[in-house]
Each structure stands twice: as structure tokens, then as C-alpha cells.
Amino acid sequence: MTGIEELLLSRIRDVADHPEPGVVFKDITPLLADPAAFTALTDALAEITVRHGATKIVGLEARGFILGAPAAVRAGIGFIPVRKAGKLPGATLSQTYDLEYGSAEIEVHAEDLTAGDRVMVVDDVLATGGTAEASLQLIRRAGAEVAGVAVLMELGFLGGRARLEPALQGAPLEALLQV
């Protein structure tokens with residue numbers, strides 16, 4: 001384990017039975033409250049973004065905003081929020097995706113992504129991969145190219161990587177932590 005992995009893991013708190021019995025929630029708020037850990041995380045995400053030649057970061061609602069925006073500033077590129085349906089004013093592109101029970105929808109401003117953009121998707125956790133997969137579809141529908149997906153942690157037991165692989169179409173998926 002590297003020094004950054006140890007630092008990040010030491011600042012993530014397990015919360016038993018949240019949001020429902022049997023679930024262990026990975027709380028990143030202690031990490032965000034620690035300036036050294038948050039800076040190390042921001043630097044790592046910015047480095048991944050630059051290494052893959054991204055011109056913009058898409059952050060997935062809501063913790064992807066917290067992680068993606070400072071990484072975009074550090075990398076010297078733009079930040080685009082991907083929101084739940086109905087939250088953005090003006091013209092949007094939307095993408096529906098399946099959940100375990102039902103479906104959900106995400107949106108991005110239609111004019112924020114254009115041909116020539118290389119977009120890195122940033123989020124806190126890769127779980128089942130549904131939201132990330134939908135964001136990749138949105139990015140391509142806007143005419144932009146997917147540079148990759150970068151997450152703080154991947155919950156490998158939920159199979160998100162396998163679900164996301166076809167949608168990545170060869171673009172990288174980098175997780176700083178495997179849980």
C-alpha cells in the first residue's frame with residue numbers, strides 16, 4: 001500500500017447500517033475535513049486527468065462535484081456538473097439508466113461539452129457503475145470523447161468495473177482505492 005492510499009483510507013469512516021440495515025457506508029467527510037488528505041486526493045485526481053489528456057472534468061452529483069471541481073482547477077481545465085434530472089436550467093441532454101428497482105435520469109447542459117473535448121469523469125465511488133455508464137453515454141452524445149473515469153474508491157464486490165468496461169470502449173478506469 002502506498003502512502004497516499006494509507007492516508008486516504010485512514011480518513012474514510014465506515015458507518016454500519018446506513019442507509020439501511022446490512023450496508024456499510026463509506027463516509028468521506030473526515031477525508032474532506034482534513035486539508036492534507038483532501039489536497040493529496042485533489043492532486044492525485046488532477047494528475048490522472050492530465051496524464052490522460054482531458055480538457056474537461058465531468059463531476060457526478062453530488063460528491064463528484066466536491067472532488068471534481070478542485071481537481072479541474074488544479075489541472076487547469078473546465079468543470080461540468082452532471083445533475084439529477086430537472087436541476088439544470090436551459091437546454092440539457094439527458095440519459096436514463098436502470099437501478100436495482102426502477103430507473104433514474106441524469107442531465108448535462110447541452111452546450112458545455114463539444115466535439116474536441118476529452119472528458120474525465122470523476123466521482124467518489126464506483127459501485128454498480130450505472131451512473132458512470134450513463135455519464136459516458138451523455139458525453140458521447142454531446143460529441144465529446146471520453147478520456148476515462150477516475151474515482152476515489154471502487155467497491156469491487158458490486159461489479160461496477162465489469163458493467164462499465166463495454167461503455168469505456170478502451171478508455172481507462174482508475175480507482176485510487178480498492179475496497
Side-chain angles (χ1 to χ4, degrees), residues 5 8-9 12 14-15 17-28 31 41 44-45 47-49 51-69 71-72 79-88 92-110 112-113 117-179:
E5 289 171 332
L8 297 177
L9 272 175
I12 296 171
D14 286 347
V15 180
D17 299 320
H18 181 79
E20 58 188 53
V23 173
V24 177
F25 182 78
K26 299 292 187 184
D27 181 15
I28 68 166
L31 188 158
L41 173 58
L45 292 171
E47 186 277 325
I48 292 167
T49 300
R51 182 165 23 94
H52 293 293
T55 60
K56 291 188 177 155
I57 285 179
V58 154
L60 304 182
E61 188 163 345
R63 288 180 297 243
F65 299 173
I66 297 168
L67 305 185
F79 175 80
I80 312 294
V82 168
R83 304 283 322 258
K84 293 174 183 166
K87 301 286 186 180
L88 291 171
T92 61
L93 289 175
S94 65
Q95 184 68 46
T96 326
Y97 61 100
D98 292 329
L99 300 169
E100 188 174 353
Y101 301 104
S103 65
E105 188 175 8
I106 56 173
E107 294 180 330
V108 66
H109 274 131
D112 288 346
L113 295 172
D117 281 331
R118 283 185 47 80
V119 182
M120 181 64 67
V121 176
V122 171
D123 205 4
D124 65 329
V125 173
L126 176 65
T128 62
T131 309
E133 180 183 35
S135 72
L136 298 179
Q137 293 167 339
L138 262 183
I139 290 164
R140 290 191 178 105
R141 283 183 43 224
E145 182 183 346
V146 173
V149 175
V151 296
L152 167 58
M153 69 184 117
E154 177 181 353
L155 305 179
F157 63 93
L158 292 176
R161 183 176 289 269
R163 176 179 180 169
L164 205 52
E165 287 291 339
L168 283 165
Q169 299 177 10
L173 166 58
E174 295 200 32
L176 297 172
L177 302 172
Q178 305 281 335
V179 180

Mind checking what makes side-chain contact (heavy atoms from CB on, under 4.5 Å) contact with [X], not counting sequence neighbours?
X	result
Val24	Asp14
Ala144	Leu113, Asp117, Val119, Ile139
Ile66	Leu32, Phe38, Arg63
Thr131	Leu60, Tyr97, Ile106

* salt bridge (charged side-chain N to carboxylate O under 4.0 Å, His left out) partners for Glu47, two or more places apart ->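 With neighbours one apart ignored, the set is Arg51.
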* **With sequence neighbours excluded, residues passing salt bridge (charged side-chain N to carboxylate O under 4.0 Å, His left out) with Glu61** =>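 Once residues adjacent in sequence are excluded, the partners of Glu61 under the salt bridge (charged side-chain N to carboxylate O under 4.0 Å, His left out) criterion are Arg83.
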* **Residues that Ser94 engages under side chain to side chain donor-acceptor pair (under 3.5 Å), provided they are two or more places apart** =>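 Checked Ser94 against side chain to side chain donor-acceptor pair (under 3.5 Å); matches are Glu105.
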Give the minimum heavy-atom separation between [X] and [Y], together with the two atoms involved.
X	Y	value
Phe65	Gly59	CE2-O, 3.3 Å
Glu107	Leu88	O-CD1, 3.6 Å
Ala134	Gln95	O-CG, 3.5 Å

To the nearest 0.5 Å, what is the distance between [atom1] on [X] and [atom2] on [Y]?
X	Y	atom1	atom2	value
Glu174	Ile48	CD	CD1	4.5 Å
Asp112	Leu93	CG	CG	10.0 Å
Leu9	Leu177	CG	CG	4.5 Å
Asp27	Asp124	CG	CG	10.5 Å
Gln137	Thr96	CD	OG1	9.5 Å

* Min side-chain heavy-atom separation Ile12-Val179 under 4.5 Å ->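 No, too far: nothing below the 4.5 Å cut-off.
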* Could you go step by step and tell me if Ile28 and Leu8 meet the side-chain contact (heavy atoms from CB on, under 4.5 Å) rule? -> CA-CA 9 Å; Ile28 68 166; Leu8 297 177; over 6 Å; no
Which donor-acceptor pairs under 3.5 Å do side chains of residues 145-165 form with protein atoms, sequence neighbours excluded?
| from | atom 1 | to | atom 2 | distance (Å) |
| --- | --- | --- | --- | --- |
| Glu145 | OE2 | Arg118 | NH1 | 2.5 |
| Glu154 | OE1 | Arg161 | NE | 3.2 |
| Glu154 | OE1 | Arg161 | NH2 | 2.8 |
| Glu154 | OE1 | Gln178 | NE2 | 3.3 |
| Glu154 | OE2 | Arg161 | NE | 3.1 |
| Arg163 | NE | Glu133 | OE1 | 2.9 |
| Arg163 | NH2 | Glu133 | OE1 | 3.2 |

